[in-house]
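Comments concern the structure below.
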Amino acid sequence: MEDSFFQNVYEVVRLIPKGRVCSYGVIAAYLGSKGSARMVGWAMNAAHTQPDIPAHRVVNRVGLLTGRHHFDPPQRMQMLLEEEGIQVIDHQIQNFDIVFWNPNEEISV
DNA sequence: TAACTGACCGCCG
DNA sequence: ACGGCGGCCAGTT
């Protein structure tokens with residue numbers, strides 16, 4: 001595995017189950033760099049170079065699709081989420097606490 | 001080489 | 001309860 005922070009982010013994001021979402025801060029904390037949530041978002045920016053990175057499943061802590069503007073068509077992010085069964089209204093994920101996926105707990109099986 | 005930015009989060013006023 | 005600001009890591013200019 002790569003020691004790069006980016007590569008690490010890609011792996012976690014790729015592990016996000018369908019119909020689930022995660023926040024930047026949680027991913028950053030999972031990587032051990034709590035507080036470097038911005039870095040996670042930056043990694044997502046480079047995620048465009050990665051073919052299998054469901055960046056649409058990554059949102060901020062309030063469940064708001066802040067990174068939608070970085071998708072090819074901005075609506076693509078909301079569309080993909082709705083396709084997976086996630087209800088999104090006005091770029092805001094509904095039942096965010098339910099669809100939220102915490103790597104720190106679900107992976108610790 | 002040094003400084004700023006960036007798909008954020010948490011704290012302080 | 002709401003608003004503003006600093007901090008985090010790495011890449012880009």
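What you see is a predicted model, and the numbers here were worked out from it, not measured in a lab. Chain naming here is simple, since letters A, B, ... match the order of the sequence lines and numbering starts at 1 in each.
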Touch class at under 4.0 angstrom, heavy-atom based, for A55(A) against every strand present: base

Sugar-phosphate, base or nothing in reach of S33(A), heavy atoms under 4.0 Å: nothing

Beyond-backbone contact of Y24(A) with M44(A), side-chain heavy atoms, under 4.5 angstrom: yes

Beyond-backbone contact of Y30(A) with C22(A), side-chain heavy atoms, under 4.5 angstrom: no

Could you tell me the separation between the [atom1] atom of [X] and the [atom2] atom of [N], rounded to a whole number of Å?
X	N	atom1	atom2	value
N60(A)	dC8(C)	CG	C1'	17 Å
M44(A)	dT5(B)	CE	P	23 Å
F5(A)	dG11(C)	CZ	P	11 Å
M39(A)	dC9(B)	CE	P	14 Å
R68(A)	dC8(B)	CZ	P	11 Å
I27(A)	dC8(C)	CD1	P	20 Å
F6(A)	dG6(B)	CZ	C1'	10 Å
I53(A)	dA7(B)	CD1	P	18 Å

Any S36(A) side-chain N or O less than 4.0 Å from OP1/OP2 of dC8(B): no

Given DNA chain B, 5'-ward residue of the pair V59(A) and W42(A), judged by closest heavy atom: W42(A)

Member of V59(A), V58(A), V88(A), T66(A) meeting the side-chain contact (heavy atoms from CB on, under 4.5 Å) criterion with M77(A): V59(A)

Residue R76(A) excluded, over 12 heavy atoms near CZ under 6.0 Å: no

Interatomic distance at P, dC5(C) relative to dT5(B), whole Å: 15 Å

Y10(A) side chain to A43(A) backbone, donor-acceptor under 3.5 Å: yes

Residue matched to dT5(B) through Watson-Crick or wobble contacts both under 3.5 angstrom: dA10(C)

Proximal nucleotide (of dA10(C), dG10(B), dC8(B)) relative to the Y24(A) side chain: dC8(B)

dG7(C) base / R38(A) side chain donor-acceptor hit below 3.5 Å: yes

